[in-house]
Amino acid sequence: MLVFLLLPWVKIGGAQAILLDIPARRFTIFGVQFWAHDGPLLFLIFASFAVALILVTSIWGRVWCGYACPQTVFVEGLFRTLERWIEGPAPARKLLDKAPWTADKVAKRSLKYVAFFVATLVVTHSFLAYFVGKDQVLDMVFRPPAENMTSFIFVVALTAVLYFNFAWFREQFCIILCPYGRLQSALFDSSTMIVGYKEARGDCIQCKKCVNVCPTGIDIRDGVQLECIACTACMDACDSIMEKINKPKGLIAYTSEQELAGVPVKKLRPRTLAYGLVLLGVLSAFSVILSLRKEINVEVIKTELQTKSSPTDLSIFQYTLEIANQTAVPKKLRLEAQANDLELIAAVNPVTIPPGRIQRVDFFLRLQDNRLSLPEGRLRLHVEGEHRTLEVSLTP
Ligand code: SF4
Ligand code: SF4
(Lines give C-alpha, C1' and ligand atoms only; values in the text may rest on other atoms or scores of the structure.)
(Ligands and ions follow the chains in the order given, each with its own letter.)
Protein backbone atom coordinates (compact mmCIF):
# COMPACT_ATOMS: atom_id res chain seq x y z
CA MET A 1 0.00 0.00 0.00
CA LEU A 2 2.82 2.36 0.93
CA VAL A 3 4.62 1.65 -2.35
CA PHE A 4 1.43 2.35 -4.33
CA LEU A 5 0.58 5.53 -2.39
CA LEU A 6 4.11 6.97 -2.21
CA LEU A 7 5.50 6.19 -5.69
CA PRO A 8 3.77 9.18 -7.37
CA TRP A 9 5.58 11.43 -4.84
CA VAL A 10 9.02 10.01 -5.63
CA LYS A 11 11.16 11.61 -8.32
CA ILE A 12 14.00 9.85 -10.12
CA GLY A 13 16.23 11.86 -12.47
CA GLY A 14 13.87 14.84 -12.22
CA ALA A 15 10.74 12.92 -13.26
CA GLN A 16 7.99 11.11 -11.38
CA ALA A 17 9.20 7.52 -10.67
CA ILE A 18 6.31 6.02 -12.66
CA LEU A 19 4.29 8.16 -15.06
CA LEU A 20 2.18 6.54 -17.76
CA ASP A 21 1.28 9.42 -20.07
CA ILE A 22 -1.10 7.67 -22.45
CA PRO A 23 -2.16 10.68 -24.64
CA ALA A 24 1.55 11.49 -25.26
CA ARG A 25 2.33 7.75 -25.60
CA ARG A 26 5.23 8.23 -23.19
CA PHE A 27 5.93 6.05 -20.15
CA THR A 28 8.45 6.93 -17.46
CA ILE A 29 9.50 3.94 -15.38
CA PHE A 30 12.13 4.52 -12.68
CA GLY A 31 13.98 7.27 -14.56
CA VAL A 32 13.84 5.62 -17.99
CA GLN A 33 11.52 7.07 -20.64
CA PHE A 34 9.77 4.67 -22.97
CA TRP A 35 8.03 5.96 -26.06
CA ALA A 36 5.56 4.36 -28.42
CA HIS A 37 8.44 3.04 -30.55
CA ASP A 38 9.82 1.31 -27.42
CA GLY A 39 6.89 -1.12 -27.59
CA PRO A 40 9.22 -4.19 -27.59
CA LEU A 41 10.84 -3.01 -24.32
CA LEU A 42 7.47 -2.41 -22.67
CA PHE A 43 6.33 -5.81 -23.87
CA LEU A 44 9.43 -7.40 -22.31
CA ILE A 45 8.79 -5.61 -18.99
CA PHE A 46 5.24 -6.98 -18.83
CA ALA A 47 6.36 -10.40 -20.11
CA SER A 48 9.01 -10.62 -17.36
CA PHE A 49 6.34 -9.83 -14.73
CA ALA A 50 4.06 -12.50 -16.18
CA VAL A 51 6.78 -15.17 -16.37
CA ALA A 52 8.07 -14.26 -12.86
CA LEU A 53 4.51 -14.64 -11.54
CA ILE A 54 4.18 -18.05 -13.24
CA LEU A 55 7.56 -19.16 -11.78
CA VAL A 56 6.68 -17.94 -8.28
CA THR A 57 3.25 -19.62 -8.50
CA SER A 58 4.72 -22.97 -9.54
CA ILE A 59 7.02 -22.94 -6.48
CA TRP A 60 5.11 -21.07 -3.76
CA GLY A 61 1.52 -21.30 -5.00
CA ARG A 62 -0.73 -18.31 -4.52
CA VAL A 63 1.69 -16.15 -2.52
CA TRP A 64 0.88 -13.34 -4.96
CA CYS A 65 -2.78 -13.52 -3.93
CA GLY A 66 -2.02 -13.61 -0.21
CA TYR A 67 0.75 -11.01 -0.02
CA ALA A 68 0.95 -8.79 -3.10
CA CYS A 69 -2.32 -8.65 -5.07
CA PRO A 70 -3.77 -5.12 -4.69
CA GLN A 71 -7.21 -6.66 -4.19
CA THR A 72 -6.13 -8.64 -1.08
CA VAL A 73 -3.71 -5.99 0.16
CA PHE A 74 -6.31 -3.21 0.10
CA VAL A 75 -9.25 -5.32 1.30
CA GLU A 76 -7.29 -6.89 4.19
CA GLY A 77 -4.84 -4.11 4.95
CA LEU A 78 -7.13 -1.11 4.65
CA PHE A 79 -10.85 -1.78 4.34
CA ARG A 80 -11.17 -4.73 6.77
CA THR A 81 -8.85 -2.91 9.17
CA LEU A 82 -11.17 0.12 9.10
CA GLU A 83 -14.12 -2.22 9.55
CA ARG A 84 -12.48 -3.89 12.57
CA TRP A 85 -11.67 -0.52 14.16
CA ILE A 86 -15.23 0.74 13.76
CA GLU A 87 -17.39 -2.37 14.18
CA GLY A 88 -15.10 -4.78 16.04
CA PRO A 89 -13.96 -8.32 15.14
CA ALA A 90 -15.87 -10.70 12.81
CA PRO A 91 -18.29 -12.15 15.44
CA ALA A 92 -19.22 -8.62 16.64
CA ARG A 93 -19.81 -7.56 13.03
CA LYS A 94 -22.07 -10.53 12.40
CA LEU A 95 -24.12 -9.63 15.51
CA LEU A 96 -24.32 -6.02 14.30
CA ASP A 97 -25.62 -7.24 10.91
CA LYS A 98 -28.53 -8.95 12.63
CA ALA A 99 -29.16 -6.21 15.22
CA PRO A 100 -32.07 -3.73 14.79
CA TRP A 101 -31.30 -0.23 13.48
CA THR A 102 -30.49 1.51 16.77
CA ALA A 103 -28.68 4.88 16.95
CA ASP A 104 -25.44 3.00 17.69
CA LYS A 105 -25.77 0.80 14.58
CA VAL A 106 -26.62 3.83 12.39
CA ALA A 107 -23.59 5.72 13.76
CA LYS A 108 -21.19 2.78 13.25
CA ARG A 109 -22.44 1.98 9.75
CA SER A 110 -22.37 5.65 8.67
CA LEU A 111 -18.85 6.10 10.03
CA LYS A 112 -17.71 2.90 8.28
CA TYR A 113 -19.08 3.88 4.88
CA VAL A 114 -17.74 7.44 5.14
CA ALA A 115 -14.30 5.99 6.05
CA PHE A 116 -14.55 3.58 3.08
CA PHE A 117 -15.44 6.48 0.79
CA VAL A 118 -12.50 8.61 1.93
CA ALA A 119 -10.12 5.62 1.62
CA THR A 120 -11.45 4.90 -1.90
CA LEU A 121 -10.92 8.54 -2.91
CA VAL A 122 -7.28 8.36 -1.74
CA VAL A 123 -6.78 5.18 -3.79
CA THR A 124 -8.43 6.58 -6.96
CA HIS A 125 -6.57 9.90 -6.82
CA SER A 126 -3.26 8.07 -6.25
CA PHE A 127 -4.10 5.85 -9.23
CA LEU A 128 -4.83 8.92 -11.39
CA ALA A 129 -1.45 10.37 -10.38
CA TYR A 130 0.25 7.50 -12.23
CA PHE A 131 -1.35 8.72 -15.47
CA VAL A 132 -1.39 12.52 -15.21
CA GLY A 133 1.28 13.20 -12.55
CA LYS A 134 0.79 14.06 -8.89
CA ASP A 135 1.23 17.84 -9.43
CA GLN A 136 -1.56 17.78 -11.99
CA VAL A 137 -3.82 15.79 -9.61
CA LEU A 138 -3.20 18.27 -6.77
CA ASP A 139 -3.99 21.11 -9.17
CA MET A 140 -7.18 19.41 -10.43
CA VAL A 141 -8.48 18.82 -6.90
CA PHE A 142 -8.67 22.58 -6.30
CA ARG A 143 -10.27 23.44 -9.64
CA PRO A 144 -13.86 23.10 -10.87
CA PRO A 145 -14.53 19.63 -12.42
CA ALA A 146 -15.51 21.25 -15.75
CA GLU A 147 -11.87 22.28 -16.30
CA ASN A 148 -10.72 18.64 -16.31
CA MET A 149 -13.87 16.80 -17.30
CA THR A 150 -12.20 13.61 -18.63
CA SER A 151 -10.16 13.07 -15.47
CA PHE A 152 -13.18 13.95 -13.33
CA ILE A 153 -15.39 11.35 -15.06
CA PHE A 154 -12.56 8.79 -14.80
CA VAL A 155 -12.18 9.38 -11.04
CA VAL A 156 -15.97 9.30 -10.43
CA ALA A 157 -16.34 6.01 -12.38
CA LEU A 158 -13.29 4.42 -10.74
CA THR A 159 -14.41 5.54 -7.26
CA ALA A 160 -17.83 3.96 -7.86
CA VAL A 161 -16.32 0.66 -9.09
CA LEU A 162 -13.69 0.46 -6.32
CA TYR A 163 -16.17 1.46 -3.60
CA PHE A 164 -18.49 -1.35 -4.70
CA ASN A 165 -15.51 -3.73 -4.82
CA PHE A 166 -13.88 -2.82 -1.49
CA ALA A 167 -17.08 -2.26 0.49
CA TRP A 168 -19.01 -5.32 -0.67
CA PHE A 169 -17.71 -7.41 -3.60
CA ARG A 170 -14.27 -8.19 -2.07
CA GLU A 171 -13.14 -11.85 -2.40
CA GLN A 172 -16.01 -12.57 -4.81
CA PHE A 173 -13.73 -10.83 -7.31
CA CYS A 174 -11.09 -13.54 -6.73
CA ILE A 175 -13.59 -16.35 -7.23
CA ILE A 176 -15.74 -14.94 -10.05
CA LEU A 177 -13.60 -12.52 -12.06
CA CYS A 178 -9.86 -12.97 -11.50
CA PRO A 179 -8.26 -14.69 -14.53
CA TYR A 180 -5.12 -15.54 -12.52
CA GLY A 181 -7.23 -17.59 -10.10
CA ARG A 182 -8.55 -19.61 -13.04
CA LEU A 183 -5.01 -20.48 -14.15
CA GLN A 184 -4.02 -22.06 -10.85
CA SER A 185 -4.75 -25.66 -11.80
CA ALA A 186 -2.47 -25.27 -14.86
CA LEU A 187 0.40 -23.78 -12.83
CA PHE A 188 0.28 -26.01 -9.75
CA ASP A 189 1.80 -29.46 -9.36
CA SER A 190 1.90 -31.75 -6.35
CA SER A 191 5.11 -30.08 -5.04
CA THR A 192 3.71 -26.54 -5.15
CA MET A 193 3.37 -24.85 -1.78
CA ILE A 194 -0.25 -24.63 -0.61
CA VAL A 195 -2.16 -23.81 2.54
CA GLY A 196 -3.14 -27.32 3.61
CA TYR A 197 -4.85 -29.19 6.41
CA LYS A 198 -2.84 -32.03 7.99
CA GLU A 199 -5.69 -34.44 8.50
CA ALA A 200 -3.36 -37.30 9.50
CA ARG A 201 -2.56 -35.49 12.77
CA GLY A 202 -6.16 -36.02 13.94
CA ASP A 203 -6.10 -32.93 16.22
CA CYS A 204 -9.15 -31.12 14.77
CA ILE A 205 -11.81 -30.36 17.41
CA GLN A 206 -14.45 -29.30 14.82
CA CYS A 207 -14.58 -25.74 16.20
CA LYS A 208 -14.98 -24.40 12.63
CA LYS A 209 -12.96 -21.29 13.43
CA CYS A 210 -10.97 -21.84 10.21
CA VAL A 211 -14.21 -21.83 8.21
CA ASN A 212 -15.60 -18.76 9.97
CA VAL A 213 -12.54 -16.60 9.25
CA CYS A 214 -12.14 -17.70 5.64
CA PRO A 215 -12.88 -14.65 3.41
CA THR A 216 -13.90 -16.88 0.49
CA GLY A 217 -16.13 -19.04 2.69
CA ILE A 218 -14.46 -22.42 2.10
CA ASP A 219 -13.49 -25.24 4.44
CA ILE A 220 -9.76 -25.89 3.93
CA ARG A 221 -10.23 -29.30 5.55
CA ASP A 222 -11.91 -30.41 2.29
CA GLY A 223 -8.54 -30.10 0.47
CA VAL A 224 -7.05 -27.67 -2.08
CA GLN A 225 -9.71 -25.51 -3.68
CA LEU A 226 -9.75 -22.93 -6.44
CA GLU A 227 -11.32 -20.41 -4.05
CA CYS A 228 -8.38 -20.48 -1.60
CA ILE A 229 -6.41 -17.24 -2.02
CA ALA A 230 -3.71 -18.33 0.48
CA CYS A 231 -4.52 -15.47 2.84
CA THR A 232 -3.52 -17.74 5.80
CA ALA A 233 -6.37 -16.47 8.01
CA CYS A 234 -7.35 -20.09 8.68
CA MET A 235 -3.75 -20.93 9.68
CA ASP A 236 -3.71 -18.17 12.33
CA ALA A 237 -7.21 -19.06 13.55
CA CYS A 238 -6.38 -22.75 13.91
CA ASP A 239 -3.00 -22.01 15.58
CA SER A 240 -4.84 -20.00 18.26
CA ILE A 241 -7.07 -23.03 18.92
CA MET A 242 -4.09 -25.43 18.99
CA GLU A 243 -2.41 -23.18 21.58
CA LYS A 244 -5.51 -23.29 23.77
CA ILE A 245 -5.76 -27.10 23.66
CA ASN A 246 -1.99 -27.56 24.11
CA LYS A 247 -1.35 -29.16 20.75
CA PRO A 248 1.47 -28.21 18.37
CA LYS A 249 0.64 -25.37 16.00
CA GLY A 250 0.49 -26.01 12.25
CA LEU A 251 -2.54 -28.26 11.89
CA ILE A 252 -3.29 -25.94 8.98
CA ALA A 253 0.05 -24.80 7.53
CA TYR A 254 2.08 -24.13 4.42
CA THR A 255 2.70 -27.54 2.91
CA SER A 256 2.30 -29.36 -0.43
CA GLU A 257 0.20 -32.24 -1.68
CA GLN A 258 3.34 -34.42 -1.71
CA GLU A 259 4.26 -33.47 1.85
CA LEU A 260 0.70 -34.22 2.98
CA ALA A 261 1.05 -37.65 1.32
CA GLY A 262 4.40 -38.20 3.08
CA VAL A 263 6.44 -38.02 -0.16
CA PRO A 264 9.68 -35.94 -0.16
CA VAL A 265 9.21 -32.62 -2.02
CA LYS A 266 11.47 -31.93 -5.02
CA LYS A 267 12.52 -28.28 -5.03
CA LEU A 268 13.99 -28.31 -8.56
CA ARG A 269 11.48 -29.67 -11.05
CA PRO A 270 11.58 -29.57 -14.88
CA ARG A 271 8.65 -27.13 -14.86
CA THR A 272 10.30 -24.61 -12.49
CA LEU A 273 13.59 -24.96 -14.38
CA ALA A 274 11.81 -24.24 -17.69
CA TYR A 275 9.99 -21.17 -16.26
CA GLY A 276 13.30 -19.95 -14.78
CA LEU A 277 15.06 -20.26 -18.14
CA VAL A 278 12.25 -18.40 -19.94
CA LEU A 279 12.49 -15.61 -17.33
CA LEU A 280 16.25 -15.42 -17.79
CA GLY A 281 15.75 -15.20 -21.57
CA VAL A 282 13.20 -12.37 -21.29
CA LEU A 283 15.35 -10.41 -18.81
CA SER A 284 18.46 -10.87 -20.99
CA ALA A 285 16.61 -9.64 -24.10
CA PHE A 286 15.37 -6.61 -22.11
CA SER A 287 18.87 -5.78 -20.83
CA VAL A 288 20.44 -6.07 -24.30
CA ILE A 289 17.80 -3.87 -26.00
CA LEU A 290 17.96 -1.32 -23.15
CA SER A 291 21.77 -1.11 -23.31
CA LEU A 292 21.62 -0.48 -27.09
CA ARG A 293 19.06 2.28 -26.67
CA LYS A 294 20.36 5.84 -26.88
CA GLU A 295 19.19 8.53 -24.45
CA ILE A 296 19.66 11.18 -27.10
CA ASN A 297 19.18 10.08 -30.68
CA VAL A 298 20.40 12.36 -33.47
CA GLU A 299 19.68 11.83 -37.14
CA VAL A 300 20.50 13.95 -40.16
CA ILE A 301 17.23 13.94 -42.08
CA LYS A 302 17.87 16.56 -44.77
CA THR A 303 20.90 18.04 -46.47
CA GLU A 304 20.87 20.26 -49.51
CA LEU A 305 23.05 22.74 -51.32
CA GLN A 306 21.55 26.13 -50.60
CA THR A 307 23.76 28.54 -52.60
CA LYS A 308 26.95 28.44 -54.57
CA SER A 309 28.76 31.55 -55.59
CA SER A 310 31.73 31.00 -57.86
CA PRO A 311 33.40 34.41 -57.63
CA THR A 312 33.86 34.04 -53.87
CA ASP A 313 34.34 30.28 -53.88
CA LEU A 314 31.66 29.79 -51.27
CA SER A 315 29.05 27.04 -50.81
CA ILE A 316 26.30 26.97 -48.23
CA PHE A 317 24.62 23.71 -47.27
CA GLN A 318 21.46 23.45 -45.27
CA TYR A 319 21.04 20.63 -42.75
CA THR A 320 18.06 19.47 -40.76
CA LEU A 321 18.60 17.26 -37.73
CA GLU A 322 16.02 15.33 -35.82
CA ILE A 323 17.03 15.15 -32.17
CA ALA A 324 15.10 12.89 -29.82
CA ASN A 325 15.54 13.47 -26.10
CA GLN A 326 14.51 10.13 -24.60
CA THR A 327 15.17 11.23 -21.02
CA ALA A 328 12.96 12.83 -18.39
CA VAL A 329 14.93 16.11 -18.20
CA PRO A 330 15.68 18.88 -20.77
CA LYS A 331 18.96 18.50 -22.68
CA LYS A 332 21.01 21.47 -23.91
CA LEU A 333 23.15 20.65 -26.95
CA ARG A 334 25.85 22.81 -28.51
CA LEU A 335 26.45 22.12 -32.20
CA GLU A 336 29.97 22.22 -33.62
CA ALA A 337 31.28 21.17 -37.05
CA GLN A 338 34.50 19.16 -36.99
CA ALA A 339 36.21 19.73 -40.33
CA ASN A 340 38.52 22.24 -41.94
CA ASP A 341 37.05 25.28 -43.68
CA LEU A 342 33.58 24.69 -42.27
CA GLU A 343 31.62 27.36 -40.51
CA LEU A 344 28.46 26.38 -38.69
CA ILE A 345 25.63 28.92 -38.69
CA ALA A 346 22.55 28.26 -36.56
CA ALA A 347 19.73 30.58 -35.47
CA VAL A 348 19.91 29.08 -31.98
CA ASN A 349 23.00 27.36 -30.60
CA PRO A 350 22.96 25.69 -28.11
CA VAL A 351 19.50 24.19 -28.58
CA THR A 352 17.39 22.87 -25.72
CA ILE A 353 15.35 19.73 -26.35
CA PRO A 354 12.53 19.33 -23.81
CA PRO A 355 12.20 15.94 -22.06
CA GLY A 356 10.57 13.22 -24.11
CA ARG A 357 10.45 15.33 -27.29
CA ILE A 358 11.67 15.01 -30.84
CA GLN A 359 12.75 18.35 -32.23
CA ARG A 360 13.93 19.42 -35.67
CA VAL A 361 16.96 21.68 -35.74
CA ASP A 362 18.11 23.57 -38.86
CA PHE A 363 21.59 24.91 -39.40
CA PHE A 364 23.89 25.90 -42.27
CA LEU A 365 27.44 25.01 -43.10
CA ARG A 366 29.50 27.56 -45.00
CA LEU A 367 32.33 26.12 -46.99
CA GLN A 368 35.21 28.12 -48.46
CA ASP A 369 34.98 26.19 -51.68
CA ASN A 370 32.32 26.07 -54.38
CA ARG A 371 32.16 22.31 -54.59
CA LEU A 372 28.84 20.63 -55.23
CA SER A 373 29.23 17.57 -53.02
CA LEU A 374 28.39 17.56 -49.31
CA PRO A 375 31.31 18.41 -47.06
CA GLU A 376 32.97 15.52 -45.29
CA GLY A 377 33.48 15.51 -41.58
CA ARG A 378 31.44 15.09 -38.47
CA LEU A 379 29.05 17.17 -36.49
CA ARG A 380 29.65 17.23 -32.76
CA LEU A 381 26.90 17.86 -30.25
CA HIS A 382 28.17 18.72 -26.79
CA VAL A 383 25.67 17.91 -24.05
CA GLU A 384 26.04 20.89 -21.74
CA GLY A 385 26.65 20.15 -18.07
CA GLU A 386 27.40 16.47 -18.75
CA HIS A 387 30.88 16.41 -20.40
CA ARG A 388 29.36 14.21 -23.07
CA THR A 389 29.69 14.56 -26.82
CA LEU A 390 27.60 12.96 -29.54
CA GLU A 391 28.87 12.69 -33.11
CA VAL A 392 27.02 12.36 -36.41
CA SER A 393 28.44 12.11 -39.89
CA LEU A 394 27.81 15.13 -42.15
CA THR A 395 27.52 12.86 -45.17
CA PRO A 396 24.73 10.44 -44.28
S1 SF4 B 1 -9.76 -24.20 13.30
FE2 SF4 B 1 -8.48 -26.01 13.40
S3 SF4 B 1 -9.46 -27.19 15.03
FE4 SF4 B 1 -10.98 -25.68 14.41
S5 SF4 B 1 -12.16 -26.70 12.82
FE6 SF4 B 1 -10.55 -25.65 11.77
S7 SF4 B 1 -8.94 -27.21 11.57
FE8 SF4 B 1 -10.34 -27.93 13.12
S1 SF4 C 1 -8.82 -21.50 3.08
FE2 SF4 C 1 -7.53 -20.36 4.50
S3 SF4 C 1 -5.89 -19.54 3.23
FE4 SF4 C 1 -7.50 -20.20 1.85
S5 SF4 C 1 -8.73 -18.37 1.55
FE6 SF4 C 1 -9.69 -19.47 3.24
S7 SF4 C 1 -8.75 -18.60 5.07
FE8 SF4 C 1 -7.48 -17.97 3.34
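Order of appearance sets the numbers: ligands from 1, and atoms from 1 within every ligand.
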Aromatic ring pairing Phe79/Phe166, orientation class (parallel under 30°, perpendicular over 60°, tilted between): parallel
Side-chain (Glu257) to main-chain (Thr192) donor-acceptor, under 3.5 angstrom: no
Main-chain N/O of Ala129 paired with Gln16 side-chain donor or acceptor, under 3.5 Å: yes
Test: Glu199 and Arg221 ion pair at under 4.0 Å: no
Aromatic plane relationship, Phe154 with Phe127 - under 30° parallel, 30 to 60° tilted, over 60° perpendicular: parallel
Donor + acceptor pair across side chains of Asn325, Gln33 (<3.5 Å): no
Plane angle bin for Phe46 and Phe49 - parallel if under 30°, tilted between 30 and 60°, otherwise perpendicular: tilted
Ligand 1 atoms in contact with Ile252 (distance to a heavy atom under 4.0 Å): 7 (S)
Backbone of Met235 reached by a side-chain donor or acceptor of Thr232 within 3.5 Å: no
Atom 4 (Fe) of ligand 2 neighbourhood, protein N/O/S only, threshold under 2.8 Å: Cys228 SG
Under 2.8 Å from atom 4 (Fe) of ligand 1, the protein N, O or S atoms, given as residue and atom: Cys207 SG
For the student: nearest non-hydrogen atoms of Ala186 and Arg271, plus distance: O-NH1, 3.1 Å
Contact atoms of ligand 2, heavy-atom distance to Pro215 under 4.0 Å: 7 (S)
Cation-pi check, Arg293 onto Phe34 ring (under 6.0 Å, within 45° of axis): yes
Whether Tyr319 and Phe363 hold their rings parallel, tilted or perpendicular, with breakpoints at 30° and 60°: parallel
Numbered atoms and elements of ligand 1 in range of Arg221, under 4.0 angstrom, heavy atoms: 5 (S), 7 (S)
